[in-house]
Amino acid sequence: MAPDIQAPRGTQDILPDEQPWWDYVRDTAEKLCGEFRYTQIDTPMFEDVALFKRTVGDTTDIVQKEMYVFQDRGDQELALRPEGTAPVCRAYIEHGMHNQPQPVRLFYITPIFRYDRPQAGRYRQHHQFGIEAIGDASPSVDTETIEVLWRLYENLGLTGLTLNLNSIGDAECRPRYLEALRAYYSDKLDRVCRDCQARVERNPLRLLDCKNAECQDAVAGAPALTDYLCEACGDHFSQVRGYVESLGIPHVVNPRLVRGLDYYTRTVYEVQPVEEGGQSTVGAGGRYDGLIEQIGGNPTPGVGFATGIERIILNMKRQNVNLPDAARLAVFVVCASAAARVFAFKLASDLRRAGLSAVVGDSDRSLKAQMRHAGSLQAAYAAIIGDRELEANSVTLKRLADGSQETVPMGDVASRVRP
RNA sequence: GUGGGCGUAGUGUAGUUGGUUAACACGUCAGGUUGUGGCCCUGAAGAUCGCGGGUUCAAGUCCCGUCGCUCACCCCA
């Protein structure tokens, strides 16, 4: 029955049955980060609103209508973290990480909050695994982050993914491009959708990935960003492509690829699964060479990605990816009499100290009921202790898989059970 | 923010053109004689049919509102 108070809209309980998926994704990500020497950082769940307004962008949807903003009792304007990069950069500055060998390689796994309308693969609270390499402008670092992302999916067993790659230029060449784009659209305003009419002023790059049918003609003829890159950006981009190529990571250059956060410069990328559809992007990232400066640090380059764990799991399930076998319960201790209870607890305690999992049955329940319980918990062994066993200081040890059983001294259970 | 579908026990479903004690499966619990699981059999608990209002002699079944879920747009991981 639905309780009076339910989980807030767009949030969900991750129940024990689901946890193996989460463990698997987290473990895989952490192990991979170890290979690349990315180390974990945790930042607060909420930050000064200004952090996101300045970096993500005042005119972006994320800031304008999707942030959970609140005032605390000291009238501080705070926001629940709507993305992971800006807080990490804030921490980089705050803790003087520029004094460490550059780039500083960091990763995080954290909840993200956005006041969106929930939908398949979209939640108000979701979780992202992300990495940031801060302090190195080299295209090889862009590639490194792409490799981590690609390897993550590979290690998880996901297939059929497409890596889209693009460069959106920098502060030098992008304004020139935007100007050209606006000029191009200026005489076509009556032929594009309302959203696009607004985008021309507010967020012109977004014009490029409008999916509206009426806008496709305009999009098709629009000037390509890659034609407007300055020499440095063009160079950078072709090197990134070369490295990605040499790693054998399949990719397509998609000049329409644009990101919804303002801080990106140069390289941007996005990974799409085979299934087409709205909320399909499973991971995305790019370079953000101006971000740190925007929040008061010395000019410092950076690059990174974030990938949505819910969407990863969604795709793993669609593709029938198998999870490693869960560790099963080693021993279920059955109390066949009330007097056995204290010995059952002692046995279970000893087993646990020996590194084996153990659960004790309820001596008020019948032996049969306890055996059933052992079966439904999929225990490897049932250890039965009753009056007979107590007399001999032994237990009846039954292997549930084949029903075989033997009498063993109380102290020998652990060694018998251990595989 | 916009539009479509849906909302019945823990879970998944059935409930004929509105008409008496809301059904089934799985799950849970208890039994199937004397200390033993998985199959099988029996039984029990568990739903004021999301919530609020309305129409009607009568509503799980019709209408309105509301909340939630879901799908698409938008946006994004």
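As the structure is a computational prediction, the values presented were derived from the model and not from experiment. Protein chains get the first letters and strands the later ones, always in sequence-line order, with residue 1 at the start of each. These values consider heavy atoms only, across backbone and side chains, with no hydrogens, waters or symmetry-generated copies.
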If you take atom types as modelled and just measure distance, does the side chain of [X] reach the base of [N] with a donor-acceptor pair under 3.5 Å?
{"X": "Gln370(A)", "N": "U36(B)", "answer": "no"}
{"X": "Arg311(A)", "N": "C76(B)", "answer": "yes"}
{"X": "Gln64(A)", "N": "G1(B)", "answer": "no"}

Check every atom of [options] against the side chain of [X] and return the nucleotide holding the closest atom.
{"X": "Pro118(A)", "options": "U70(B), G35(B), C29(B)", "value": "U70(B)"}
{"X": "Arg372(A)", "options": "C74(B), G35(B), G32(B)", "value": "G32(B)"}
{"X": "Gln119(A)", "options": "C73(B), G37(B), C76(B)", "value": "C73(B)"}
{"X": "Arg365(A)", "options": "U36(B), G38(B), C29(B)", "value": "C29(B)"}

[X] and [Y] ion-paired at < 4.0 Å:
{"X": "Glu132(A)", "Y": "Arg105(A)", "value": "no"}
{"X": "Arg174(A)", "Y": "Glu179(A)", "value": "no"}
{"X": "Glu406(A)", "Y": "Arg399(A)", "value": "no"}

Once you apply a heavy-atom cut-off of 4.0 Å, does [X] come out as touching a base, just sugar-phosphate, or nothing?
{"X": "Ala7(A)", "value": "nothing"}
{"X": "Gly130(A)", "value": "nothing"}
{"X": "Glu389(A)", "value": "base"}
{"X": "Gly10(A)", "value": "sugar-phosphate"}
{"X": "Arg114(A)", "value": "base"}

Taking [atom1] from [X] and [atom2] from [N], how many angstroms apart are they, rounded to a whole number?
{"X": "Leu367(A)", "N": "G38(B)", "atom1": "CG", "atom2": "P", "value": "12 Å"}
{"X": "Gln272(A)", "N": "A77(B)", "atom1": "CD", "atom2": "P", "value": "11 Å"}
{"X": "Arg122(A)", "N": "G1(B)", "atom1": "CZ", "atom2": "C1'", "value": "11 Å"}
{"X": "Lys65(A)", "N": "U2(B)", "atom1": "NZ", "atom2": "C1'", "value": "10 Å"}
{"X": "Asp116(A)", "N": "C74(B)", "atom1": "CG", "atom2": "P", "value": "13 Å"}

Does Arg117(A) or Gln128(A) map to a spot on RNA chain B nearer the 5' end, using the closest nucleotide for each? Arg117(A)
Knowing that exactly one of Gln239(A), Arg266(A), His236(A), Arg241(A) qualifies, which makes a side-chain hydrogen bond (donor to acceptor under 3.5 Å, both in side chains) with Asp142(A)?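 Between Asp142(A) and the candidates, side-chain hydrogen bond (donor to acceptor under 3.5 Å, both in side chains) is satisfied uniquely by His236(A).
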Check: Phe107(A) ring centre within less than 6.0 Å of Tyr38(A) ring centre: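 For Phe107(A) and Tyr38(A), the ring centres are not under 6.0 Å apart.
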Do His373(A) and the base of G37(B) stack face to face, with centres under 5.5 Å apart and an angle between planes under 30°?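 It does not: the two rings, one from His373(A) and one from G37(B), miss the stacking criterion.
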